[in-house]
Every structure is written in structure tokens, then in C-alpha cells.
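Chain letters run A, B, ... following the sequence lines, proteins first and then strands; every chain starts at 1.
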Amino acid sequence: MPHKPPTKEELERRKIVGINEETITDVASSDYPLHYPGEEHSWDIDAFRRGFSIQFHHNDPFEASFSLIGIDASIANAFRRTMIADIPTLAIETVFINNNTSVIQDEVLSHRLGLIPFKGGHEGLHKFLKWWRKPTDETLVNSSYYDYNTVSLRLEIQCEHNDKAAPGETDPTKLYKHAHVYARDIEFCPVGRQDRYFSGADTIAPVNPDILIAKLRPGQEISLSMHMHKGVGSDHAKFSPVATASYRLMPVINIERPILGADAEKFARCFPRGVIGLKKVTAKEAAQEGSGYEGHEGEVKAVVVDPMRDTVSRECLRHEEFKGKVKLGRRRDHFIYLVESTGQWESDAIFLEAVAHLKKRARDLEKQVVNMVR
Amino acid sequence: MPKARTKKDEAIEPGSDIVMDEVPTSHQPETRDGMSVDDDDVDEEGGDLEMDENEEEEEEEEDVQRVRILPGSTPTAASFEFLNEGHTLGNALRYIIMKNPDVEFCAYAIPHPSEAKMNVRIQTFEGTTATQALEKGLQDLQELCDVVTDKFVEARDKFKAAA
Amino acid sequence: MSREEYQIPTGSASASVGGGAGAGAGGSSSYNAPAVRDYTGSGADGGTMYYMCGDCAVRVPLEKGAAIRCQKCGARVLYKERTKRMVQFEAR
């Protein structure tokens with residue numbers, strides 16, 4: 001028996017994850033070959049290219065929001081995971097403490113220094129700087145630091161009494177000099193060729209100079225030097241280039257039966273502002289038989305204006321008035337990404353790098369598979 | 001001040017042996033495609049040459065075999081073990097391989113979260129081997145990444161121009 | 001896993017390993033080489049230890065075998081100063 005090709009409504013229905021009062025339905029994707037008899041769902045790069053699109057919502061240097069439409073969750077998740085865990089970043093790795101008489105313990109201070117995000121010249125960071133490997137022979141560690149794999153920083157600060165303070169002053173920042181140690185007090189000490197890549201605006205500096213590292217009182221001193229190395233987020237979170245990269249699925253709100261009058265206003269309040277709008281019922285709509293608008297000309301009805309602003313709290317499903325009138329869902333193949341960079345990479349560059357990294361991994365494994373068979 | 005600081009004055013030529021040995025293949029800048037989208041083809045050829053050299057020089061890092069067939073596999077029904085891979089590649093690869101009409105069954109599993117090992121099982125219909133399906137899957141994944149990169153750059157430039 | 005045993009400078013026969021906590025996340029190891037030892041502020045013979053008085057916070061030089069008292073205020077509780085040696089930490 002010949003199979004009927006799916007209708008447009010059927011295709012749309014397949015793309016939606018159902019969100020009900022207490023359950024989520026149709027979660028897994030079903031577009032595999034042989035799942036629907038008679039239909040072709042094999043991998044076709046051209047069909048993918050036709051169906052895939054990207055829309056940008058905003059693209060600030062360190063925060064970008066864009067939608068990937070027409071891709072599967074496993075791939076979208078692979079991009080997200082790669083952004084968080086596999087993009088190399090420069091961060092403080094070793095701290096050499098010569099003197100620390102502050103109340104912050106050495107290890108706590110080192111931990112805090114490691115978490116400070118730094119920025120620098122892009123060419124220097126991504127092309128010039130290479131990875132540092134700890135030599136297996138411990139005695140060679142001190143000769144493994146070169147200008148192309150280590151960046152050296154310094155923090156030297158002493159707290160003293162401020163003679164010029166007004167008598168009766170209680171604010172420690174005015175009573176003492178250098179009572180608060182901020183990230184901007186860290187000095188970059190270029191070595192070798194680093195001057196070429198990291199000078200002027202490109203110098204290695206903390207992204208947020210106002211990060212408070214420690215507090216001191218007169219007589220206390222912090223004198224230490226630090227080495228920065230490249231690392232990845234899977235090793236330690238300080239190496240993650242994003243203050244998280246996340247995605248959500250595009251919400252879908254279907255108003256099946258009309259919601260009118262005071263109900264419509266209540267309906268609009270169940271969603272964040274801007275999701276639901278109110279429109280007047282026109283004479284033409286009221287004239288349609290069986291539409292539910294008969295006799296309600298001039299009243300307001302609820303319309304979906306911008307479902308992307310919805311946070312899917314399912315509030316409307318909790319009220320009796322709307323039972324059977326609204327269906328909530330999410331589009332299974334529409335991913336709204338939010339990439340928030342910590343400042344070393346630009347957000348769009350992070351995504352591109354993640355895609356390139358995944359491709360590289362697949363390529364390297366392909367070579368290995370070929371090797372394995374031989 | 002640690003002794004280390006004085007050593008850094010030695011200038012090392014970029015491209016010399018020491019530089020290459022220090023770096024894992026996955027992060028050598030010469031083979032990084034993402035940074036120069038236009039020169040993709042050029043970079044790939046150059047990168048392959050570099051990696052071949054390294055594979056001959058260095059036995060420890062680059063030559064580690066990260067994929068193997070698990071025992072008990074037949075040509076059409078095989079399990080593969082990947083080292084240092086997790087859900088990121090596993091789920092993506094599983095999806096792409098399932099899109100292959102010659103594949104009867106495909107699944108991935110991570111035997112224990114403490115070990116970075118990932119198993120992929122592929123069962124194919126007569127006509128193709130599991131290894132071929134795996135290779136095709138990896139190739140399809142690379143094509144997919146190319147399309148995503150192209151569309152992303154296009155969309156971003158369009159957005160910037162419109163802003 | 002130290003490859004240089006630390007010797008007490010006054011020439012006592014015992015050898016002790018200097019160093020902080022070994023294993024664990026906050027691993028530290030003293031960079032142990034006598035050549036880097038900082039002798040500044042230690043007194044002419046290089047063997048006087050300075051201690052901090054518990055009451056008046058003054059730096060009190062004390063020889064080996066001397067009476068344990070603060071010169072200024074006579075308090076008998078003295079604290080040892082932080083080591084002059086460089087300590088290394090992983091920023092993790």
C-alpha cells in the first residue's frame with residue numbers, strides 16, 4: 001500500500017515537544033531512516049544546508065545571543081559542551097609566594113588569583129602562545145618556561161599608615177595606603193618576544209580591574225610572582241572562556257479556542273510582559289461560524305506576540321479558565337544560544353572555535369579509525 | 001624570584017623541533033581551522049603534513065591509538081572504544097551514524113564516569129561494515145561543522161552590517 | 001619526592017625535609033636551594049632569629065640560648081615570623 005507523504009501540519013507537529021501541566025511529551029527526535037515508513041530521513045548534507053539557518057539576536061563583544069534552527073539536540077549540545085570545556089584560555093597556574101603576611105592564607109590567595117580572568121592581544125594569545133607541558137623529570141621544571149608558553153605576572157604590595165588621613169577617620173581605604181588589593185595591582189612582566197604581542201592595548205591585564213583579592217592592614221605585605229599557562233575548562237573551571245554558554249528551546253504557545261475579555265487580560269499576566277498581546281475582535285472574525293467569536297465583537301482577545309520572551313513557567317495551565325484553550329510546547333530543533341564570555345575571547349569567536357574544534361576531533365579520530373583497520 | 005625567570009630570555013625559533021614537541025596535535029596553531037575560515041583548505045593540507053612529521057618523531061603523544069575495536073565484534077556488528085571522549089562526541093556521533101540508512105543499530109555508552117572511555121556499538125545491514133559506517137559518520141560530522149561555520153559567519157556578518 | 005635534602009644551617013647532624021603539604025589539591029613544595037636563602041635582616045652572623053612579641057608586636061632578635069623575653073615590654077609569648085623561603089602553589 002503506498003504511503004501518504006506527511007502533511008504540513010504533521011511535519012510541524014513532529015517538531016514540537018509537548019509541555020503539559022505535569023508531563024513533557026515527545027522529547028526525543030524521530031527523524032531517523034526507517035522510523036516513518038516510506039519517508040526519507042537519511043543524512044543529506046544538502047537537505048541539511050537547506051533546512052538549517054542561524055539568526056542573531058544580539059552580538060555584543062562579550063555576550064552574544066543567536067538561534068540555530070534545523071539542527072538536532074545532540075549536535076547543539078556538543079557545541080555547547082565544547083564551548084565550556086575545550087577552548088584553550090590563559091589563566092594563572094602557578095603562584096610563587098615570597099612573602100604573605102596578610103590574613104588570607106597562601107592557598108586561598110593562590111586559588112583566588114587563579115580565578116581572575118585576563119585579557120590580552122588576540123594574535124599573541126591564540127597564535128604565539130603555545131601549551132606548557134610539565135616535564136616528567138621534576139628537576140627540569142624550572143628550565144621549561146619559555147616566552148612562548150608562559151606569561152609572568154607579579155603582585156607586590158605593602159600596607160602602611162596614611163599620615164595624611166583626617167583624625168577620627170574610620171574608612172580603612174583612607175586610613176591606610178593599599179589596604180585593599182585589587183586585580184589592577186597585578187603587574188605584567190613581559191619576557192622575550194612577548195613585548196611584540198602584548199603591549200599597549202593588547203597587554204595582559206585583568207578583564208575586571210576592580211576584583212578585590214585581599215585586604216591588608218599596616219605592616220602586612222604580599223609579595224608574589226605568578227606564571228600563566230594555557231589550559232582548557234575540562235581541566236579546571238578557571239580555564240573556561242565562558243561565564244557559561246547555554247541554550248534554550250524556542251517556546252510555542254498555541255491558542256486553540258479564543259480567550260476573550262477579562263480572561264484574555266489574565267492570560268496575558270500569566271506570561272512575561274511582551275509575550276501575549278491584546279487585540280480587538282473584528283466584525284469579520286465575529287461573523288465566522290463556529291470560531292467562538294460570535295457575539296464578542298469589540299472585546300479583546302489574546303494573541304501570541306513574541307513567544308521567544310516566554311520563560312515557560314506553565315502558569316496558564318494552572319487556571320481553570322484556560323483548560324483546553326491553550327497548548328504549550330517547545331520547538332525541538334530551534335536552539336536559542338546565549339554565550340557569555342569572560343573577556344579573553346569574543347563570544348562569536350568562541351562559537352566558531354568550538355565548531356572548528358569538534359570538526360578537528362572528528363578528523364583526528366577518522367585518521368585513527370583508518371589506522372586501526374590496517 | 002624563582003630561577004625560572006632568567007631562562008625565558010632564550011629565544012626559540014617558531015617552528016623548531018622544541019616548539020613542535022611541546023604541543024599536542026589538537027592545539028597546534030598551524031592546523032587550527034577556526035581562526036581562518038577562508039583558508040580552510042590551505043590550512044588542512046599544511047596541517048596534515050605537520051602532523052605526519054610529528055607522528056614519526058614523537059612516539060608518546062601523537063601516536064596514541066584512541067580508537068579500537070572491542071573483542072567479539074563481527075564485520076557488521078562491532079563495538080568501538082574511544083579514549084578521552086565523552087558525551088560531547090558520543091551523542092553527536094550516534095545521531096549522525098543513525099542517519100545512515102545502512103545502519104540497523106547504533107548506541108553509545110560510557111562504562112564508568114571515572115574513566116574517560118566511550119563505547120559505540122554499530123550494527124549494520126548486509127552491504128556495509130560497521131567500520132565503514134563509523135568512518136562515514138565522522139566524515140558527515142565534519143561536513144556538518146563546515147555548513148554550520150559557513151552559515152554562522154554569514155549570519156554574523158549580515159547582522160553586523162544591519163546594525 | 002624531594003631531591004635535595006634540607007640541612008639545618010647551624011650544622012646539626014640531622015637532616016630534615018623542608019616542605020609544605022605534599023598530596024592534595026593545594027599542593028605546595030618549597031623551592032629548596034640554599035643559594036636562594038634570604039639572609040637580609042637576620043643580623044650580622046646570619047644566625048639570629050627574629051620573633052614577634054605577642055603584646056607589643058615589636059620584632060625581637062633572639063640568639064640561641066638567650067632568655068625568651070620581649071626587650072620592650074617583657075612579655076614572654078613570642079611568635080615566629082613567616083619563613084623567608086619562597087613557597088610555590090598551584091592556583092587550583
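Ranked by heavy-atom pairs under 4.5 Å with chain A, the list B:Thr131, B:Asn100, B:Asp140 is led by B:Asp140. Of the listed residues B:Arg68, B:Glu154, B:Met98, B:Lys160, the one with more heavy-atom pairs under 4.5 angstrom with chain A than any other is B:Met98. No other option in A:Ile71, A:Val355, A:Leu34, A:Asp72 has as many heavy-atom pairs under 4.5 Å with chain B as A:Asp72. Comparing B:Arg156, B:Glu143, B:Arg66 by heavy-atom pairs within less than 4.5 Å of chain A, the highest count is held by B:Arg156. Of all the listed residues (A:Ala362, A:Ala76, A:Pro135, A:Ser53), the one sharing the greatest number of non-hydrogen pairs under 4.5 Å with chain B is A:Ala362. For the set A:Asp44, A:Ile45, A:Leu68, the entry with the most heavy-atom pairs within less than 4.5 Å of chain B is A:Ile45.
For A:Lys359 against B:Gln142, the heavy-atom pair with the smallest separation is O-CG, 3.9 Å. The minimum heavy-atom distance between A:Phe239 and A:Glu93, with the atom names listed, is CZ-OE1, 3.1 Å. Contact between A:Leu365 and B:Leu138 at its shortest, heavy atoms only, is C-CD1, 4.0 Å.
A salt bridge links B:Lys99 with A:Asp31: the distance from a Lys NZ or Arg NE/NH1/NH2 to an Asp or Glu carboxylate oxygen falls below 4.0 Å.
No donor-acceptor contact under 3.5 angstrom links the side chains of A:Gln55 and A:His57, judged on distance only. Between the side chains of A:Asp147 and A:Gln194, no donor-acceptor pair is found at a separation under 3.5 Å. In summary, the side chains of A:Tyr337 and A:Ser65 do not present any donor paired with an acceptor at a separation below 3.5 Å, with no hydrogens or angles considered.
In this structure, the portion of A:Phe351 lying under 4.5 Å from any heavy atom of chain B is its side chain and not its backbone. Contacts of A:Asn77 with chain B are absent, with no heavy-atom separation under 4.5 Å from either backbone or side chain. Only the side chain of A:Phe48 comes within less than 4.5 Å of a heavy atom of chain B; its backbone N, CA, C and O stay farther away. B:Phe152 touches chain A through backbone and side chain together, each having a heavy atom under 4.5 Å away.
Ring geometry, A:Tyr145 versus A:His229: the interplanar angle falls under 30°, so the pair is classed parallel (tilted spans 30 to 60°). Ring geometry for A:Phe198 against A:Phe188 counts as perpendicular: the plane angle is over 60°, on a 0 to 90° scale with 30° as the lower cut.
Residues from residues 72-97 of chain B that place a non-hydrogen atom less than 4.5 Å from a non-hydrogen atom of chain A comprise B:Phe80, B:Phe82, B:Asn84, B:Glu85, B:His87, B:Thr88, B:Leu89, B:Asn91, B:Ala92, B:Arg94, B:Tyr95, B:Ile96, given in numerical order. Among the residues in residues 113-121 of chain B, none has a non-hydrogen atom closer than 4.5 angstrom to a non-hydrogen atom of chain A.
Remark: A:Arg193 is not positioned above the aromatic ring of A:Tyr146, lacking an NZ or CZ atom under 6.0 angstrom from the ring centre and at most 45 degrees off the axis.
How far OG of A:Ser152 is from CE of A:Met226: 8.0 Å, rounded to the nearest 0.5 Å.
The six-membered or imidazole ring of A:Trp345 lies near that of A:His126, with a centre-to-centre distance under 6.0 Å.
With A:Asp86 as the fixed residue, the side chain to side chain donor-acceptor pair (under 3.5 Å) test singles out one of A:Arg361, A:Lys360, A:Arg81: A:Arg361.
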*Stepwise, does the side chain to side chain contact (heavy atoms under 4.5 Å, CB included) test hold for A:Ile204 with A:Met228?*
CA-CA 10 Å; A:Ile204 305 271; A:Met228 299 178 85; 4.0 Å; yes
